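Below is one structure, written out as structure tokens; comments come after it.
Just so it is clear, the model here is predicted, and its values are computed rather than measured. Because only heavy atoms are used, hydrogens play no part in the values below, and waters and symmetry mates are left out as well, while side chains stay in.
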Amino acid sequence: DVQLQASGGGLVQPGGSRRLSCAASGFSLDDYAIGWFRQAPGKEREGVSCISTIGSTVYSDSVKGRFTVSRDYGKNMAYLQMNSINLEDTAVYSCAAEGPNLNSYCGLSSSRYDFWGQGTLVTVSS
């Protein structure tokens, strides 16, 4: 079975940090671009970051300079490091995989992605 699972969510104070993980099973994540998406209550899903198979990254304006996406080749893992978290970051965060491909680029449109994992909730509150 092809599976993706995001984890690492929880309650975070404003200004704090959190690292989300994305674990893949049933396929090699190395061959796929990985996207991170979030959906806040009452809002549409938003692409926040992605990383291509060769490590190129893209960030939405809302998280640029605060979030960092990374991947661990050979371990079927990807991460989203969230720093300087604010109230607007409260959302369910999901990871997705696009591919297989060797593209040097990735994108934040959800329609690009082939596999989706269950999300993890990040709640920002003081």
Could you pull out all donor-acceptor pairs under 3.5 Å where a side-chain atom in residues 7-17 meets a protein atom, sequence neighbours excluded?
{"residue": "S17", "atom": "OG", "partner": "N83", "partner atom": "OD1", "Å": "2.9"}

Which donor-acceptor pairs under 3.5 Å do the side chains of residues 48-58 make with protein atoms, sequence neighbours left out?
{"residue": "S49", "atom": "OG", "partner": "V58", "partner atom": "O", "Å": "3.0"}
{"residue": "S52", "atom": "OG", "partner": "I54", "partner atom": "N", "Å": "3.3"}
{"residue": "S52", "atom": "OG", "partner": "G55", "partner atom": "N", "Å": "3.3"}
{"residue": "S52", "atom": "OG", "partner": "S56", "partner atom": "N", "Å": "3.0"}
{"residue": "S52", "atom": "OG", "partner": "S104", "partner atom": "O", "Å": "3.4"}
{"residue": "T53", "atom": "OG1", "partner": "N101", "partner atom": "O", "Å": "3.4"}
{"residue": "T53", "atom": "OG1", "partner": "N103", "partner atom": "O", "Å": "3.2"}
{"residue": "S56", "atom": "OG", "partner": "S104", "partner atom": "O", "Å": "2.8"}

Hey, could you give me each pair passing salt bridge (charged side-chain N to carboxylate O under 4.0 Å, His left out) that has a residue in residues 104-117? Not counting sequence neighbours.
E98-R112
What pairs of residues pass the ring pair (Phe, Tyr, Trp, His ring centres under 6.0 Å) test when at least one of them lies in residues 12-47, not counting sequence neighbours?
F27-Y32, F27-F115, Y32-F115, F37-Y113, F37-W116
Could you work out, with ring pair (Phe, Tyr, Trp, His ring centres under 6.0 Å) as the rule, every residue matching Y93, not counting sequence neighbours?
none
Suppose the criterion is side-chain hydrogen bond (donor to acceptor under 3.5 Å, both in side chains): which pairs have a residue in residues 117-126, not counting sequence neighbours?
none
Measuring from atom OG1 of T90 to atom CD of Q39, what distance do you get when rounded to the nearest 0.5 angstrom?
13.5 Å
All side-chain hydrogen bond (donor to acceptor under 3.5 Å, both in side chains) counterparts of S60, not counting sequence neighbours
S62
Of all heavy-atom pairs between A97 and L29, which one has the smallest distance, and what is that distance?
CB-CD1, 4.2 Å
D1: what forms a side-chain hydrogen bond (donor to acceptor under 3.5 Å, both in side chains) with it, not counting sequence neighbours?
none
Which residue pairs pass the salt bridge (charged side-chain N to carboxylate O under 4.0 Å, His left out) test with at least one member in residues 4-21, sequence neighbours excluded?
none
Set of residues satisfying side-chain hydrogen bond (donor to acceptor under 3.5 Å, both in side chains) with respect to R45, sequence neighbours excluded
none
Return the set of residues passing side-chain hydrogen bond (donor to acceptor under 3.5 Å, both in side chains) with S109 (not counting sequence neighbours), or none when no residue passes.
S111
Quick one: disulfide bond (SG atoms under 2.5 Å apart) pairs with a partner in residues 2-36, sequence neighbours left out?
C22-C95
Please answer: with hydrophobic residues joined when any side-chain heavy atoms are less than 4.5 Å apart, are V63 and V124 in the same cluster?
yes
